[in-house]
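So you know, we letter chains A, B, ... as the sequences are listed, proteins then strands, and number each from 1. Model, not experiment: these values are computed from the prediction. What you see below is based on every heavy atom in this structure, not just the backbone, and it leaves out hydrogens, waters and symmetry mates.
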Protein chains: 2
Amino acid sequence: MSTVATGTSPGRAALLSAMEELAREHGVNNVGLREVARRAGLSHAAPTHYFGSREGMIRALALEGLSLLGRELCAAQERAAHLPGRERLVADSLEFVAFAQRHPAHYDAMFRTPRPAQGDETLDGARIAALDGLRALVADVRAAGDITGDVETTFLQLCALSHGLASLAVDGLLHGIEGPAPAEDVVERTIRAQVAQLP
Amino acid sequence: MSTVATGTSPGRAALLSAMEELAREHGVNNVGLREVARRAGLSHAAPTHYFGSREGMIRALALEGLSLLGRELCAAQERAAHLPGRERLVADSLEFVAFAQRHPAHYDAMFRTPRPAQGDETLDGARIAALDGLRALVADVRAAGDITGDVETTFLQLCALSHGLASLAVDGLLHGIEGPAPAEDVVERTIRAQVAQLP
DNA sequence: CACATTGCTTTACAATGTCAAGTACCCCGC
DNA sequence: GCGGGGTACTTGACATTGTAAAGCAATGTG
């Protein structure tokens, strides 16, 4: 073969998980192809073989993370299905932030890999799909009469707030902006206030 | 000299502005010390001389950006001083997002340079200082009786929402999440809705 | 048995970040 | 007017990186 290889294979999976470990430690843009290969016990060119380039490898991590996020948001929704409408919004938003903290490397690759990697439509599609559960939830809760605001506006408010909080939390910036309270409490308080204010 | 050099000097300024150009084009973590030096017309080691390391150079860009942001948020506040309380909150939040779009390289360095660079207290201090105007504004507007919610919570809501929107906008992700409406309209609509909902 | 595909490896190269030393210039005390 | 010390760099070297090209064993497939 000349370029990028098949979908799954033990080597590929080993590389991805090695990359995740390293990105967790050093930040996603400080991981080297060769270091990843070393940790996975393969030759230095194995990552290029599977992912085509450094950027391709990050992209692969992003795709993996997006499908994970989609599943976990749905799972959280099911767990919260019996709660009142607004509580379901709180639960899903909290789960979003918690996901970012649990999988910081994936999260970086998914939503925080600046400039390049723009205009990749399968990546864009995966992002939309991952968030579609949340969008549908907002529509449901509105249909049930628990909130009355415009669905798209409400959805974006929740997305942007959650993404903002998640980014600050993952980068350890919350303590810089807010006081020294534990990050999780600050996040929960803010999201709760937000959802309570929704019209 | 052995390590990092003085505060200002023509070379240093040239390097910083070369870096800003390059970071705008390729994203902040794809700029190379040597490329910056080339564009500034200096030798490949000039950046190391001034900033000590690659990380130090990004840090310098962050500090520059933070002082800029602080000034511009204050300027926006003065321009909006005659408006009703909530409109002043809208104006300052919008200015925050607009700043990120006007100075994407600085913004990345300031708020979106993951993992390392954590626990740098002069950077943390500069971040707090840059946002202090907004925090004070929230307190003012509340003191005037235009809003009633807790100052810290309201402040964090606005910060996180603005940061989230700014990040999405800068990364070109808004079109992926929201429809194809121009980013600026989406941002304005969302921020306006948010401020209107504040208790 | 020929042949393509998969799953890598080896070799090679240009470019990068960083370190150690060197150089040209300016100012200040003597 | 001259030596010494700082400033503002440069030059040279080195280990390491991302990427490209070619190769090679094993595994199907006709």
Spacing of [X] atom [atom1] relative to [N] atom [atom2], expressed in whole Å:
| X | N | atom1 | atom2 | result |
| --- | --- | --- | --- | --- |
| B/Met57 | C/dT16 | CE | P | 14 Å |
| B/His26 | C/dT16 | NE2 | C1' | 15 Å |
| B/His49 | C/dT23 | NE2 | C1' | 13 Å |
| A/Asn30 | C/dG17 | CG | C1' | 12 Å |
| B/Leu42 | D/dT7 | CG | P | 18 Å |
| A/Glu35 | D/dT19 | CD | C1' | 18 Å |

All heavy atoms of B/Val141 vs all of B/Gly85, minimum pair found to be CG2-O, 3.7 Å
Please report the shortest heavy-atom distance between A/Ala166 and A/Val97, naming the atom on each side. CA-CG1, 4.1 Å
Would you mind telling me which of A/Glu20, A/His26, A/Glu21 makes a side-chain hydrogen bond (donor to acceptor under 3.5 Å, both in side chains) with A/Arg24?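 Exactly one option meets the side-chain hydrogen bond (donor to acceptor under 3.5 Å, both in side chains) with A/Arg24, and it is A/Glu20.
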Taking [X] first and then [Y], would you say they form a salt bridge - that is, a charged N and a carboxylate O separated by under 4.0 Å?
| X | Y | value |
| --- | --- | --- |
| A/Arg39 | A/Glu25 | yes |
| A/Asp120 | A/Arg59 | yes |
| B/Glu95 | B/Arg102 | yes |

Distance only, no hydrogens: is a donor on one side chain within 3.5 Å (strictly under) of an acceptor on the other, for B/Gln197 and A/Gln157?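 Their side chains do contain a donor-acceptor pair, which is all the 3.5 Å distance test asks for.
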Compute whether any side-chain donor of one residue and acceptor of the other, for A/Arg142 and A/Thr148, lie under 3.5 angstrom apart. no
Close N or O pairs between protein and nucleotides 18-20 of chain C (under 3.5 Å):
{"unit_1": "C/dT18", "atom_1": "OP2", "unit_2": "B/Arg54", "atom_2": "N", "d": "2.7"}
{"unit_1": "C/dT18", "atom_1": "O4", "unit_2": "B/Arg34", "atom_2": "NH1", "d": "3.3"}

How are the rings of A/Tyr107 and A/Phe96 set to each other: parallel, tilted or perpendicular (split at 30° and 60°)?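 Answer is perpendicular, since the angle exceeds 60°.
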Stems formed with participation of DNA chain C [Watson-Crick or G-U wobble, under 3.5 Å, three or more pairs]: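 Consecutive-pair runs (3 or more) involving DNA chain C: C:1-30 with D:1-30.
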Position toward the 5' end of DNA chain C (nearest nucleotide), A/Gly41 or B/Gly32: A/Gly41
Compare the minimum distances between each of C/dG7, D/dA8, C/dT9 and the side chain of A/Ser9, then state the nucleotide with the smallest one. C/dG7
Phosphate OP1/OP2 of D/dC9: any B/Tyr50 side-chain N/O under 4.0 Å: yes
